[in-house]
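Contents: one structure, followed by commentary.
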Amino acid sequence: MAAVSKKFLNTVNCIRRWSSRQIYTSHCVGDSKEFDTAMLTYLVCPLSKSPLRYDKVNDELVSDEIQVAYKIVNGIPSLIPQDARKLTDSKEENGKPLSKS
């Protein structure tokens with residue numbers, strides 16, 4: 001019998017759990033939970049159709065044109081307009097407005 005890779009076995013186990021209607025957890029997605037910035041080539045804002053910018057500090061995709069941020073969960077962007085966060089006019093750091101100095 002040929003040697004079977006650990007990644008293949010993990011995938012098979014995830015399919016079995018999914019097919020038996022068990023909860024799909026993040027460990028089935030893969031080892032990396034970071035957003036792949038190469039995806040920015042293909043992703044656009046669903047509302048404005050403009051390119052998105054990756055905000056690594058807040059782990060969000062930002063549409064500068066309409067000042068909206070889309071959250072990223074386990075490396076997967078949620079581009080649902082209803083779940084987006086409207087950015088304020090003041091500059092923000094870590095999701096909180098900067099204090100005036």
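Along the sequence shown, residues carry numbers from 1.
- A 4.5 Å side-chain heavy-atom check between Asp55 and Leu61 finds every atom pair outside the cut-off.
- Rounding to the nearest 0.5 Å places OG of Ser63 at 7.5 Å from CG of Leu47.
- Salt bridge annotation for Arg53-Asp64: present, with a cationic side-chain nitrogen under 4.0 angstrom from a carboxylate oxygen.
- In this structure, Lys71 and Val73 have side chains that are in contact, with non-hydrogen atoms separated by less than 4.5 Å.
- Phe35 has its side chain out of reach of Ile76: every pair of non-hydrogen atoms, C-beta onward, lies at least 4.5 Å apart.
- Inter-residue side-chain proximity for Val68 and Val62 is flagged as unmet; no heavy-atom pair is nearer than 4.5 Å.
- Remark: Gln67 CD to Arg85 CZ distance equals 10.5 Å, nearest 0.5 Å.
- Using modelled atom types, no side-chain atom of Asn58 and backbone atom of Glu60 make a donor-acceptor pair closer than 3.5 Å.
- The closest side-chain heavy-atom distance from Leu52 to Tyr70 is below 4.5 Å.
- Side-chain contact between Leu43 and Pro77: present, with at least one pair of heavy atoms (C-beta onward) separated by less than 4.5 Å.
- Within the 3.5 Å criterion, the main-chain N or O of Cys45 finds no donor-acceptor partner in the side chain of Ser48.
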